[in-house]
Amino acid sequence: MVSVTFPDGAQRQFPEGVTGFEIAQGISPSLAKRTVAMALDGVVVDLADPIKTDARIEFLNREDPRALELIRHDCAHVLAEAVQTLWPGTQVTIGPVIENGFYYDFFRETPFTPEDFVAIEKKMREIIARDAPLTKEVWSREDAVSFFEKKGEAFKVELVQSIPGNEDLKIYKQGEWLDLCRGPHMTSVGKIGSAFKLMKVAGAYWRGNSDNPMLSRIYGTAFARQEQLDAYLKQIEEAERRDHRRLGREMDLFHFQEEAPGAIFWHPKGWTLFQTLVAYMRRRLSGDYQEVNAPQLMDKSMWEISGHWGWYRENMFMSKSAGDDTEDERTYAIKPMNCPGHVQIFKHGLRSYRDLPLRFAEFGIVHRYEPSGAMHGVMRVRAFTQDDAHIFCTEEQLAAECLKINELILSVYNDFGFGKILVKLSTRPEKRVGTDAMWDHAESVMMRVLDEIKAKHGDVIETALNPGEGAFYGPKFEYVLRDAIGRDWQCGTTQVDFNLPERFGAFYISPTSEKTPPVMVHRAICGSLERFTGILIEHFAGHMPLWIAPVQVVVATITQEADDYAYELIAAMRKRGLRVDADIRNEKINYKVREHSLAKVPVMVVVGKKEAQEKTVSIRRLGSQAQTSMTMEEAIAALIDEATPPDVKRANA
RNA sequence: GCCGAUUUAGCUCAGCCCGGUAGAGCAACCGCUUCGUAAGCGGUAGGUCAUCAGUUCGAUUCUGAUAAUCGGCACCA
């Protein structure tokens, strides 16, 4: 007998091996009918699974949040059946649930197109309407291999063979069709319902490896109810509206063109935005960091020493004199990173332990030959600016430096309105340099730091471990921020480096007069400033806080009679440092309001005959229909206060 | 880099299937209008149809190559 505990706390005895379905049926047939799966001690399993040990039981209906994954997974199976019915000979591979939906990878001569979706969805609805029960069988390895071989499912055969011998080989059947699957699944395909949609097609490598064949992937999503699907589709539209490439055009920030793939043409407004960000970051460095600048072109030997020429040459640009009969035949590399330059500055002159920690910062422009398919607006480009810094310190100073960097990163993110931050510690990878003792030491230091920042900032920080994901030269922290619509962006990073100072022969003189290689910490807060600008645009949906907005105020006139007053206002505002544009065109105020709203100008100051006479202004804020009237002086004071960057405000407080 | 799609006026898009050298809306420019918070009215101008080849009497249209972009995959020191 097994003892089963129900959610209300009641306990009942059942014969060992009783299924969830039998228990539900015993309680009431309607419960059994609406239950799609069960959870045993919190683990979701098939309702038809036998219960062999004492357990807490919960019956899941399709509205249960935990059932969503099942709906999507079942839907992936139905998608696969539909595709194989429509195009016999198509091979199935895997079809997992992912965030916001599912996909299924197929192998087929001609890839699918979105035009195929109509037919596939129709077939899927037919299959769901048939409502075949989903039943599980455990097969032997041999049976499974010979079955899939006979069907010509080479990928499934490979999957079967890769499942460890101690695991059951589970086959889920839905009527005639079956698939190898870990499960769990709902009781029947009819439970999927109708709130599903195929989203897009894409190529994807078998097992995620670019040496493997390319498969045709179909993405889809499914929800328990149609309203949820509709809400999700709306959210996608919202994300499209926020797309920085679209806003970049609408707000006239930047453009790209064919002659410079992966490089940004910043327009005046975009460059103002970018430089506002740089100015802010520069202020945040003062006192602790020394800003430096290292050459854009250096002889390739520099990169041979650093190791990059060997490891990353494919992703580097190089440059030579363009002259036909120049004597200079040297090959220069365009810097893909700033560290070697900073090591040279460190090495210039003899350093004492008394000089440490030494913190060199650079807004370093780097070029990397990114794969053509990786480029994405300003988010992934081939020429970008890092808010980079390298800290040279002693072993003893390492923990304190990591903590100091952490404080700065969190403070910066907070100033831009990012609330939730994830800090991941990536530890030693397979391929690495340095002794195990060094890694042990560094990892234990960083683990301690991680615990400390978690204890101190637990309200905004979540921490995680990323085993084996460290850089080859040392462990690292990665800072991931979450934007307004819940997307995660990895921006900041703190990396400990045992390797580079030694490669370049950098050292300092210790208290006992010994040459000692310093510990080097690489650190970036925004990462790529171009990308960070893009993230800010999407995070704020173009509606930038006043202190970052490239154009903070537009003064718009209603009639010509207010022109002189408008000029007076603009002069007064500019004098106090506000970024103001004038709109004295002969257009209706409706037209002007519409245009500047679309251009996402945060503040419109509207002046007509009345305001000119009374020396007042009518203020309209972006995203609001309301108008506030106040005197010119009140308005300027309020705007200046709001336009003061948060760090300057703190300093003034 | 790989799979698929796309590329026509500053922007958004039609025309291409069925070859006879282009069309709309918005923006721009010029007038008129001086107007109270998301598109006033009229007119004008603007395109070697991404590039290079091929087929053809003739190519924006058909074929091929190249480039860029988009959606994924892979990559991201």
Undergrad: Counting side-chain heavy atoms from C-beta on, which of B:rG40, B:rA38, B:rU69 comes nearest to A:Lys588?
TA: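 Closest nucleotide among those given: B:rG40.
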
Undergrad: Would A:Arg621 and A:Glu642 pass as an ion pair if we require N to O under 4.0 Å?
TA: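 Salt bridge: yes.
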
Undergrad: Quick one: label A:Ile558 by what it contacts on the DNA or RNA (base, sugar-phosphate, nothing), any heavy atom closer than 4.0 Å.
TA: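 Base, at least one base heavy atom under 4.0 Å.
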
Undergrad: With distance as the sole criterion, do the side chain of A:Arg207 and the base of B:rA74 form a donor-acceptor contact below 3.5 Å?
TA: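 Answer is no: no donor-acceptor pair is held.
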
Undergrad: Please work out if A:Met375 contacts a base, only the sugar-phosphate, or nothing of the nucleic acid, heavy-atom cut-off 4.0 Å.
TA: sugar-phosphate

Undergrad: What is the nucleic acid contact for A:Asn315, judged by heavy atoms within less than 4.0 Å: base, sugar-phosphate only, or nothing?
TA: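 Contact class for A:Asn315: base.
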
Undergrad: Counting the atoms with a prime plus P, OP1 and OP2 as sugar-phosphate, which does A:Arg368 contact under 4.0 Å by heavy atoms, base, sugar-phosphate, or nothing?
TA: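 Base contact.
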
Undergrad: Can you tell which of B:rA77, B:rA50, B:rG40 lies closest to the side chain of A:Asn590?
TA: B:rG40

Undergrad: Under 6.0 Å between ring centres: does that hold for A:Phe346 and A:Phe392?
TA: yes

Undergrad: So A:Arg620, base contact, sugar-phosphate only, or nothing? Heavy-atom distance under 4.0 Å.
TA: base

Undergrad: From B:rA38, B:rU34, B:rU37, pick the nucleotide closest to the side chain of A:Ser597?
TA: B:rA38

Undergrad: Centres of the A:Phe223 and A:Tyr232 rings: under 6.0 Å?
TA: yes

Undergrad: State which of B:rC3, B:rG72, B:rU37 makes the closest approach to the side chain of A:Tyr219.
TA: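 Of the options given, the side chain of A:Tyr219 lies nearest B:rG72.
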
Undergrad: Indicate, with a heavy-atom threshold strictly under 4.0 Å, whether A:Tyr473 touches base, sugar-phosphate, or nothing.
TA: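 Sugar-phosphate, no base atom in range.
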
Undergrad: Is there, by distance only and without an angle test, a donor paired with an acceptor across the side chain of A:Glu611 and the base of B:rG36 below 3.5 Å?
TA: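 Indeed, a donor on one side and an acceptor on the other fall under 3.5 Å apart.
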
Undergrad: Heavy atoms only, 4.0 Å cut-off, all strands: where does A:Pro371 land among base, sugar-phosphate and nothing?
TA: base

Undergrad: Expressed in angstrom and rounded to an integer, what is the separation of A:Phe106 atom CZ from B:rG72 atom P?
TA: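 Interatomic distance, CZ of A:Phe106 to P of B:rG72: 19 Å.
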
Undergrad: Flag yes if more than 12 heavy atoms outside A:Arg482 fall under 6.0 Å of its CZ atom; otherwise flag no.
TA: no

Undergrad: Aromatic contact between A:Tyr591 and A:His596, with the criterion being ring centroids under 6.0 Å apart: yes or no?
TA: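 Judged by ring-centre distance (under 6.0 Å), A:Tyr591 and A:His596 do not meet the cut-off.
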
Undergrad: For B:rA38, which nucleotide in any strand shown is its Watson-Crick or wobble partner with both distances under 3.5 Å?
TA: none

Undergrad: Does A:Lys234 come within less than 4.0 Å of A:Glu237, counting only side-chain N to carboxylate O?
TA: no

Undergrad: When you get a sec, tell me which of B:rA38, B:rA50, B:rC73 is the closest nucleotide to the side chain of A:Ala204?
TA: B:rC73

Undergrad: Counting the atoms with a prime plus P, OP1 and OP2 as sugar-phosphate, which does A:Gly307 contact under 4.0 Å by heavy atoms, base, sugar-phosphate, or nothing?
TA: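 If one applies the 4.0 Å heavy-atom cut-off, A:Gly307 turns out to touch nothing in the nucleic acid.
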
Undergrad: What do you reckon, are the aromatic ring centroids of A:Phe155 and A:Phe107 less than 6.0 Å apart?
TA: yes

Undergrad: Suppose we call a contact any N or O donor and acceptor under 3.5 Å apart; does that hold for the side chain of A:Arg380 and the base of B:rC75?
TA: yes

Undergrad: Just call it for A:Leu598: base, sugar-phosphate, or nothing, with non-hydrogen atoms closer than 4.0 Å on any strand.
TA: base

Undergrad: Among the nucleotides B:rA77, B:rA38, B:rA74, which one has an atom lying closest to any side-chain atom of A:Gln495?
TA: B:rA77

Undergrad: With respect to the side chain of A:Tyr591, which nucleotide from B:rC73, B:rA77, B:rA28 is positioned closest?
TA: B:rA28

Undergrad: Which part of the nucleic acid, if any, lies within contact of A:Gly623, taking any heavy atom under 4.0 Å across all strands shown: a base, the sugar-phosphate backbone alone, or nothing?
TA: nothing

Undergrad: If I pick the P atom on B:rA53 and the same atom on B:rC41, what distance separates them, to the nearest angstrom?
TA: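 Here B:rC41 and B:rA53 have their P atoms 47 Å from each other.
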
Undergrad: Which is true for A:Lys592 with a 4.0 Å heavy-atom rule: it touches a base, it touches only sugar-phosphate, or it touches nothing?
TA: nothing

Undergrad: Indicate, with a heavy-atom threshold strictly under 4.0 Å, whether A:Pro336 touches base, sugar-phosphate, or nothing.
TA: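 The answer is base, as A:Pro336 lies within the cut-off (heavy atoms under 4.0 Å) of a base atom.
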
Undergrad: Under 4.0 Å between any heavy atoms, over every strand shown, what does A:Tyr205 touch: base, sugar-phosphate, or nothing? Just pick one.
TA: base

Undergrad: OP1, OP2 of B:rG71 versus side-chain N and O of A:His376: anything below 4.0 Å?
TA: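 Yes, because at least one side-chain N or O of A:His376 sits under 4.0 Å from OP1 or OP2 of B:rG71.
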
